[in-house]
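Take a look at the structure set out below.
The figures that follow rest on heavy atoms only: side chains count, while hydrogens, waters and symmetry mates do not. Given the structure is predicted, the values throughout are model-derived calculations rather than measurements.
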Amino acid sequence: MKEDTPIIGFDAKRAVANGTGLGSYSRTLINDLARYPLTLRLYAPDEGRDDLRTQIQDRANVTLHTPHSTFHIPHSTSHIPHSTFHIPHSTSLGKSLWRSHGIVSELRSDGIQLYHGLSGELPIGIRKSGIPSVVTIHDLIFLRHPEYYHWIDTKIYAWKFRQTISEATHIIAISECTRRDILHYAPELDPARISVIYQSCAPKFTPDISPSTFHIPPSTFHIPPSTFHIPPSSKYILSVGTIEARKNILLAVKALETSLLPDDLHIVIIGRHTPYTDTVARYARDHGLEARVHILHHVSDAELPAYYAAAEAFVYPSRYEGFGIPIIEAISCGLPVVACTGSCLEEAGGPDTLYVSPDDPQAMAAAIAQVLKGAPGRDQRILRSREYIRRFQGNDVAGQVYRLYLRLLNKE
């Protein structure tokens, strides 16, 4: 790297520790930006999970910094003590305080020229330090739909939102929907301080998935349903995401009861367990759907593309999202998609995804019937959707972020 290469710091907590949307966004953007003439320094309160940290590509211009060490991805190469903070960093409180307060002095001593909060937060005092900052805000669901959160959490998240927008030099919203929400809840903000830059999809999601590429046993790749007892002659639709009330997957389960869908159609639901998961499982059991509803936890990141590849269609009946990256993953894998109206999912899926009310099982069933194999227009719908999502490809997204960095650093 040249000596004048911009040195960019990142809040990498979610990149190394979060297996869902925020973590995927962070890792994908970091990997895409690493191809540009930048020095990337990732700051996290600990080393996170090995399986997630090692998804960040091992490049000379990318290093991970924790309170106790600095090392290249994926393996530690040196140990450089940083902190003089007096609360042990091994404690949850110590990690939180380092990330929200103590990190600023390190950013200054490390020569960080711009800091990017990848998950809606910035450290307190970053503006006062003179370091320009960017924050990506994914959604404001805690304000738009507080009923899905504990009231204490909504207060904390709302305070963090106000604090973050006061610190930020510039804000990235991952959708027009999120941008509208930001301006609705912070009308004093200058709209020029907000750019809409969509989230990109990881390159492993492709219609040309090979089992050898992902080190998946051939039997699992060719017949994923065999691992959860779907008869070989049957077919399944897929849904991916935390199994919580806001995601509304019960709508798709109810659609299976209608006469509009074949009796051999199953649904595979992949995601983290919450109390709502038990509600879905109980409904399936009480309505004779237990053999057709398959809820899977702990599917590895490497296995996930194979489940997309073997599905007939993808359903995403969420009531509200900031963007909806699983829709992009599904379309990238060659699947037609059925989603719900009411938030930003039309932005993610485009005009050839089908959208229904989040409270209408009959409409959901009718839409699913239109995208199963053999349905008229299915192949054309898939092709047009794949063309639509080219706007979310990594190079284009990372290029927009890169140009924003240069503009804020007066280098463009």
Exercise for the section: May I have the step-by-step check of side chain to side chain donor-acceptor pair (under 3.5 Å) for E176 and Y198, ending in yes or no? Expected result: CA-CA 9 Å; E176 289 288 352; Y198 289 109; 5.2 Å; no
Can you see which heavy atom on [X] is nearest to which on [Y], and at what distance?
| X | Y | result |
| --- | --- | --- |
| G349 | S385 | O-OG, 4.4 Å |
| S133 | L122 | OG-CD1, 3.5 Å |
| H297 | R272 | ND1-C, 4.1 Å |
| T258 | Q362 | CG2-NE2, 3.5 Å |

Exercise for the section: Evaluate the side chain to side chain contact (heavy atoms under 4.5 Å, CB included) criterion for residues V293 and H266: first the C-alpha distance (whole Å), next the side-chain angles of each, then the deciding distance (0.1 Å), finally the verdict. Expected result: CA-CA 6 Å; V293 177; H266 295 238; over 6 Å; no
Kindly state whether the ring of [X] and the ring of [Y] have centres lying under 6.0 angstrom apart.
| X | Y | value |
| --- | --- | --- |
| Y43 | F10 | no |
| Y185 | F161 | no |
| H138 | Y25 | yes |
| Y316 | Y355 | no |

Just by modelled atom types, is the [Y] backbone N or O under 3.5 Å from a matching donor or acceptor in the [X] side chain?
| X | Y | answer |
| --- | --- | --- |
| S129 | I126 | yes |
| R41 | D110 | yes |
| T274 | I243 | yes |

Problem - Pi-cation contact, Y276 with K247 (under 6.0 Å, within 45°) - result: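 Relative to the ring axis of Y276, which defines the angle, K247 lies outside at least one limit.
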Practice task
Mark yes or no: R391 above the aromatic ring of Y388, with NZ or CZ under 6.0 Å from the six-membered ring centre and no more than 45 degrees from the axis.
Solution key: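 Cation-pi check for R391 and Y388: passes.
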Problem - Any donor-acceptor N or O pair under 3.5 Å, side chains E321, S318 - result: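 A donor-acceptor contact under 3.5 Å links the two side chains.
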Exercise for the section: Please round to the nearest 0.5 Å and tell me the distance separating atom CD1 of I137 and atom CD of E121. Expected result: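 Taking CD1 in I137 and CD in E121, the distance rounds to 10.5 Å.
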Exercise for the section: First locate atom CG of L289, then atom CD1 of I267, and finally report the distance between them rounded to the nearest 0.5 Å. Expected result: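 So the CG of L289 and the CD1 of I267 are separated by 10.0 Å.
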Handout entry: Single hit among L260, L251, L256 for side-chain contact (heavy atoms from CB on, under 4.5 Å) with P361
Key =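 Of all the options given, the one that passes is L251.
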Handout entry: Heavy-atom side-chain contact between Y115 and I103 under 4.5 Å
Key =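 Heavy-atom side-chain distance check passes, below 4.5 Å.
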Practice task
Evaluate the side-chain proximity of I171 to V134: yes if any heavy-atom separation is below 4.5 Å, no if none is.
Solution key: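 Counting from C-beta outward, V134 and I171 never come under 4.5 Å.
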